Amino acid sequence: MYPFSKIEKKWQKRWDQLGSNKAQNFSKKPKYYALVEFPYPSGDGLHTGHVRSYTAMDVIARKRRMEGYNVLYPIGWDAFGLPTENYAIKTGIHPKIVTRKNTDTFRRQLRALGFSFDWDREVNTTDPDYYKWTQWIFLQFYKKGLAYKARMPINWCPSCKIGLANEEVIAGRCERCGTVVEQKEKEQWLLRITKYADRLLDDLNTVDYLDKIKTQQVNWIGRSEGAEIEFSIKGCKDKISVFTTRPDTLFGATYMVLAPEHKLVAAMKNEISNWREVKSYITKTSDKSEEERIAEGKEKTGVELKGIKAINPANKKEVPVFVADYVLVSYGTGAIMAVPAHDRRDWEFAKKHKLPAVMVICPNYPDKTCPVLREAYVGDGFLVGSGKFDGTPSEKAKWEVTKFVGGRKRVQYHLRDWIFSRQHYWGEPIPIIFCAKCGEVPVPEKDLPVKLPEVKKYQPTSTGESPLSSVKNWVNVKCPVCGGPAKRETDTMPNWAGSSWYFLRYTDPDNKKVLADPKKLKYWMPVDWYNGGMEHTTLHLLYSRFWNKFLYDIGVVPFSEPYKKRTSQGMVLGRGGEKMSKSKGNVVNPDSVVKTFGADTLRLYEMFMGPFDQAIPWDEKGLNGCSRFLGRVWEMAQKRVAKKITNPDLERALNKTVKKVGNDIESMSFNTAVSALMIFSNDCYRVETIPLEVWKKFLIILAPFAPHITEELWERAGNKKSINLEKWPVYNEKLLKEDKFELLVQVNGRLRAVILAKTGINEDGAKDLALRNENVKTQLGTRRVKKVVFVPNRLINFVV
RNA sequence: GGGCGGGUGGUGAAAUGGCAAACACGCAAGGUUUAGGACCUUGUGCCGCAAGGCUUGAGGGUUCAAGUCCCUCCCCGCCCACCA
């Protein structure tokens with residue numbers, strides 16, 4: 001063991017004094033903006049998952065500095081949020097105080113790990129100087145009509161007493177507390193993210209994100225092209241409008257379904273002869289929790305609206321109309337045309353309710369016979385039973401049929417507008433005032449920030465009102481327009497607000513006049529490399545791209561896409577491969593690891609433990625190996641390094657290592673990079689003395705992973721300047737070439753001999769060499785060689 | 001049901017179509033210590049005394065050569081989920 005504790009403290013202090021991690025605005029060096037997701041400073045302290053992500057980007061940031069870049073690697077606190085508020089409710093301590101305490105802990109822990117953050121650029125989303133600009137951005141959304149209030153059913157968590165965005169509802173439960181979510185009608189602020197859906201989708205082509213991240217965003221946005229078609233109702237002037245991606249199957253529509261919440265259902269009350277039955281079905285479904293709906297699985301329930309008939313506009317046939325909860329009011333038009341023959345869900349429902357399935361798409365060419373249906377046929381084919389469209393390929397028929405019945409093309413997204421209201425204390429107040437005379441009035445920009453008032457109780461109310469509503473002297477204000485009595489909006493923003501633009505603030509964290517100086521934004525943006533958790537792909541990542549695009553549109557930021565490159569780390573799991581959690585008692589505290597093994601060992605281990613993008617269970621035994629490795633490096637540096645000697649073998653090995661480590665860092669194959677460093681140190685271990693120049697380069701390429709020990713050894717090797725100021729070594733392609741290689745000799749693809757041969761040997765030479773080998777001779781025997789496969793500098797294979 | 005990852009030793013895992021198991025953990029034996037989660041050496045996929053044979057979830061195929069490419073299937077993880 002080496003004195004890691006002393007060394008790590010010494011260098012952390014020294015780096016602060018030197019200011020070596022500070023990013024320089026407008027430096028002539030090329031800029032590099034490396035970003036990690038800023039943590040939510042929870043009371044539990046830093047998690048090993050943070051360490052994994054932050055170490056990875058720290059390795060990259062440190063390498064970039066050595067490559068001559070002016071690096072911005074910032075950190076801050078995403079500090080608004082429920083756990084802090086809940087803690088405040090329980091203890092009565094102000095969230096502000098709790099946040100300060102937690103950020104202090106996080107800061108101490110992050111510093112102890114030697115991350116090369118620029119601590120001068122710390123941001124905190126709960127700082128009024130910061131959230132002033134979060135509110136300012138909201139006002140810009142408002143001015144452009146992209147923030148609007150609507151009364152709508154929202155996902156309501158009865159335990160947290162908060163409205164949730166769709167993204168925050170997981171399998172019908174609250175993402176945070178796991179309580180079953182209810183539907184509740186409420187006035188809500190929404191952001192019109194759907195207006196940006198196409199650009200959020202299309203611009204994915206311009207960025208370098210991992211494919212799985214792109215795919216997830218594409219699926220989440222869920223763009224689908226289809227048609228909107230109207231069905232008239234017999235004896236009634238109302239029409240039922242449906243959205244379908246398969247207008248080509250219109251002739252096969254044998255019934256219709258309305259969502260239970262569809263407005264027409266109640267509107268047609270008087271015409272529905274079995275209204276009582278229908279009403280009871282609707283009540284039953286609205287009482288049903290999402291969970292129950294899922295538990296019922298594929299069992300599709302529904303009730304026919306007796307007395308109501310719709311007309312299929314394609315063939316003018318009368319079709320029955322149902323209400324069924326397998327149709328969602330929130331997607332498309334809230335109503336569907338049902339084509340049992342060509343839709344699995346409709347097939348099931350039809351089977352249960354004994355409704356006819358009429359095949360209108362035949363998979364075979366028009367002249368062939370169609371197969372008998374045993375299940376819905378959802379593929380393409382040719383139209384049959386569709387009047388004049390018979391024989392038309394289904395893809396082509398889509399728009400022809402649409403036109404024929406007077407429908408129109410329509411694009412539908414899975415993405416919904418972003419519900420932006422929360423009924424909580426610990427968030428940014430939404431800067432809107434309601435005046436009896438003037439209506440909705442935005443807070444004038446000069447009055448920002450709208451600061452959170454001091455309150456005694458943080459408890460949310462069961463009526464769904466924010467705790468802010470009880471702070472009378474805060475709520476009651478003069479209308480900024482008419483000066484008359486008015487009231488503030490008491491809802492706050494969701495915890496995703498502050499994190500939707502924080503990367504912009506890092507470029508200019510103290511600016512009092514604008515959210516960031518345009519020149520600084522121009523210099524630093526876009527983020528060159530952003531690493532974070534896969535779980536933020538459809539939330540934070542999409543939201544922040546949306547905000548950035550909006551700010552680009554109003555001329556505040558210079559680039560439409562905020563992040564050039566996005567990668568993701570795998571989760572660090574507990575010992576058995578389970579998620580780390582307090583309740584399971586398998587949480588690893590980085591503090592204790594740093595105390596026992598040192599920060600460098602922890603950093604190295606988190607990089608070595610497995611492929612970076614995969615989830616890996618924690619294993620403290622693995623720490624031993626990394627600790628041992630650094631211990632050996634320490635020993636060797638103290639005793640075995642000498643000036644003025646050379647060792648060509650080691651030099652060649654070093655060259656190889658420089659290349660491998662460099663490439664592996666770029667591809668985030670940190671585990672194999674560390675293994676290459678270990679292999680080289682093993683090579684060194686085998687020789688008596690190690691040339692100083694070779695050793696120095698080794699220290700440099702190890703430094704991004706283990707910055708403290710390498711810095712100390714660097715100093716002990718007689719260097720006056722920090723190792724951070726060294727250049728990343730260049731490998732010599734010539735030196736990589738070896739003059740000999742192991743020629744593999746195969747007979748019928750099976751390895752029979754390994755012969756040392758000269759690099760560059762030709763086929764004849766290799767053949768000669770191989771045929772002289774005894775084992776090869778025996779294997780070949782008297783058999784005739786049919787074919788020889790020769791791979792230069794690798795193998796020769798005799799096929800007999 | 002859909003999407004995305006995976007399946008290789010006792011464990012974490014490596015492997016541009018070209019020696020499967022690098023590196024590390026663990027284990028075993030020996031050494032050195034004996035306050036050690038210390039250190040060093042050697043060994044370590046399976047069968048076999050050996051020569052040799054077998055081995056990357058299962059089965060087929062392409063190829064001189066397959067963990068890697070193609071087809072059929074099974075299993076596991078994560079995310080989404082009645083999205084018309």
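Please read these numbers as outputs of a predicted model, since none were measured by experiment. Throughout, a chain's letter reflects where its sequence line sits, starting with A, and its residues are numbered from 1.
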Measure from CE on A:Met636 to P on B:C40 and round the result to the nearest Å.
-> 10 Å
Using a cut-off of strictly less than 4.0 Å, decide whether A:Arg750 has a side-chain nitrogen or oxygen near OP1 or OP2 of B:C54.
-> yes
Quick check: are there more than 12 heavy atoms from other residues, nucleotides or ligands sitting under 6.0 Å from NZ of A:Lys621?
-> no
For A:Ile336, answer base if it contacts any base atom (sugar-phosphate contacts may also be present), sugar-phosphate if it contacts only those atoms, and nothing otherwise; contact means non-hydrogen atoms under 4.0 Å.
-> base
Counting any heavy atom closer than 4.0 Å, what does A:Val799 reach on the DNA or RNA strands: base, sugar-phosphate only, or nothing?
-> sugar-phosphate
In whole Å, what is the span from the OH atom of A:Tyr2 to the P atom of B:A38?
-> 16 Å
Give the nucleotide from the list B:C79, B:C82, B:A14 with an atom nearest to the side chain of A:Tyr326.
-> B:C82
Residue pair A:Arg752/A:Ala615 against RNA chain B: nearer the 5' end by closest nucleotide is A:Ala615
With no hydrogens and no angle check, is any side-chain donor or acceptor of A:Asp380 less than 3.5 Å from a backbone partner on A:Ser394?
-> no
To the side chain of A:Arg794, which of B:U16, B:A13, B:C80 is closest?
-> B:U16
Roughly, in whole Å, what's the span from CH2 in A:Trp634 to P in B:C39?
-> 16 Å
Spacing of the P atoms in B:U11 and B:C73 (rounded, Å) | 30 Å
Identify whether the distance between the nearest side-chain nitrogen and carboxylate oxygen of A:Glu348 and A:Lys351 falls below 4.0 Å.
-> no
In whole angstrom, give the distance that lies between atom CD of A:Glu535 and atom C1' of B:C4.
-> 15 Å
Answer yes or no: is there a side-chain heavy-atom contact under 4.5 Å between A:Trp496 and A:Trp418?
-> yes
For the side-chain contact (heavy atoms from CB on, under 4.5 Å) test, which of A:Thr657, A:Val661, A:Asn663 pairs with A:Lys659?
-> A:Asn663
Anti versus syn assignment for B:G9, with syn defined as within 90° of 0 = syn
Should the ring pair A:Phe322 and A:His353 be called parallel, tilted or perpendicular, given that the plane angle runs from 0 to 90° and is split at 30 and 60?
-> perpendicular
Less than 6.0 Å separating the ring centroids of A:Trp618 and A:Tyr605?
-> yes
Just list the side-chain donor-acceptor pairs under 3.5 Å for residues 743-750 of chain A, sequence neighbours left out, or say none.
{"unit_1": "A:Asn748", "atom_1": "OD1", "unit_2": "A:Val800", "atom_2": "N", "d": "3.0"}

Within less than 4.0 Å of OP1 or OP2 of B:G2, is there a side-chain N or O belonging to A:Arg344?
-> no
Polar pair under 3.5 Å, donor/acceptor by atom type, side chain A:Lys300, base B:C82 | yes
How long is the line joining CG of A:Leu795 and P of B:A20, in whole Å?
-> 11 Å
Please state the C1' separation for the pair B:A13 and B:G48 - nearest whole angstrom.
-> 29 Å
Integer angstrom distance from the C1' of B:C27 to that of B:G77 = 29 Å
Could you summarise the pairing of RNA chain B as dot-bracket text, marking Watson-Crick and G-U pairs under 3.5 Å with ( ) or [ ] inside the strand and | across strands?
-> (((((((..(((.....[....)))((((((.......))))))(((....)))..(((((..]....))))))))))))....
Toward the 5' end of RNA chain B, by each residue's nearest nucleotide, A:Thr245 or A:Asn775 | A:Asn775
Select base, sugar-phosphate, or nothing to describe what A:Gln412 touches, counting heavy atoms under 4.0 Å on all strands.
-> nothing
Which nucleotides of nucleotides 22-30 of chain B have their base under 4.0 Å from a protein heavy atom (B), which only their sugar-phosphate (S), and which neither (-), written as one string 5' to 3'?
-> BBSSS----
Test A:His414 against A:Trp220 for ring pair (Phe, Tyr, Trp, His ring centres under 6.0 Å), laying out the working first.
-> CA-CA 7 Å; A:His414 171 199; A:Trp220 190 262; 5.3 Å; yes
Separation of B:A38 atom C1' from A:Arg632 atom CZ, nearest Å, is 13 Å
How far, in whole Å, is B:A29 from B:A22 if one measures between their P atoms?
-> 22 Å
Considering just the side-chain nitrogens and oxygens of A:Lys787, establish if one lies under 4.0 Å of OP1 or OP2 belonging to B:C64.
-> yes
Indicate, with a heavy-atom threshold strictly under 4.0 Å, whether A:Tyr685 touches base, sugar-phosphate, or nothing.
-> sugar-phosphate
When the C1' atoms of B:C69 and B:U62 are considered, how many whole Å apart are they?
-> 8 Å
State whether A:Asp211 and A:Lys214 are salt-bridged, where the test is any N-O pair (Lys NZ or Arg NE/NH1/NH2 against Asp/Glu carboxylate O) under 4.0 Å.
-> no
Please work out if A:Gln746 contacts a base, only the sugar-phosphate, or nothing of the nucleic acid, heavy-atom cut-off 4.0 Å.
-> base
Please state how far atom CD in A:Gln216 lies from atom P in B:G3, giving the value in whole angstrom units.
-> 14 Å
Using a 4.0 Å heavy-atom cut-off across all strands, classify A:Pro617 as base, sugar-phosphate, or nothing.
-> nothing
Quote, to the nearest angstrom, the C1' distance that separates B:G12 from B:U63.
-> 33 Å
Sub-4.5 Å side-chain heavy-atom contact between A:Glu535 and A:His540 | no
Between B:U41 and B:C78, how far apart are the C1' atoms? Round to whole Å, please.
-> 44 Å
Using a heavy-atom cut-off of under 4.0 Å over every strand shown, decide if A:Asn797 touches base, sugar-phosphate, or nothing.
-> base
Determine: side-chain N/O of A:Ser224 to OP1/OP2 of B:A84, distance under 4.0 Å, yes or no.
-> yes
Between B:G9 and B:U42, how far is it from one P atom to the other, in whole Å?
-> 27 Å
Checking all strands, does A:Arg410 fall into the base, sugar-phosphate, or nothing category for heavy-atom contacts under 4.0 angstrom?
-> nothing
Interatomic distance where CG belongs to A:Leu751 and P belongs to B:U55 [whole Å] = 16 Å
Quick one: does NZ or CZ of A:Lys300 land under 6.0 Å from the six-membered ring centre of A:Tyr326, within 45 degrees of the ring axis?
-> yes
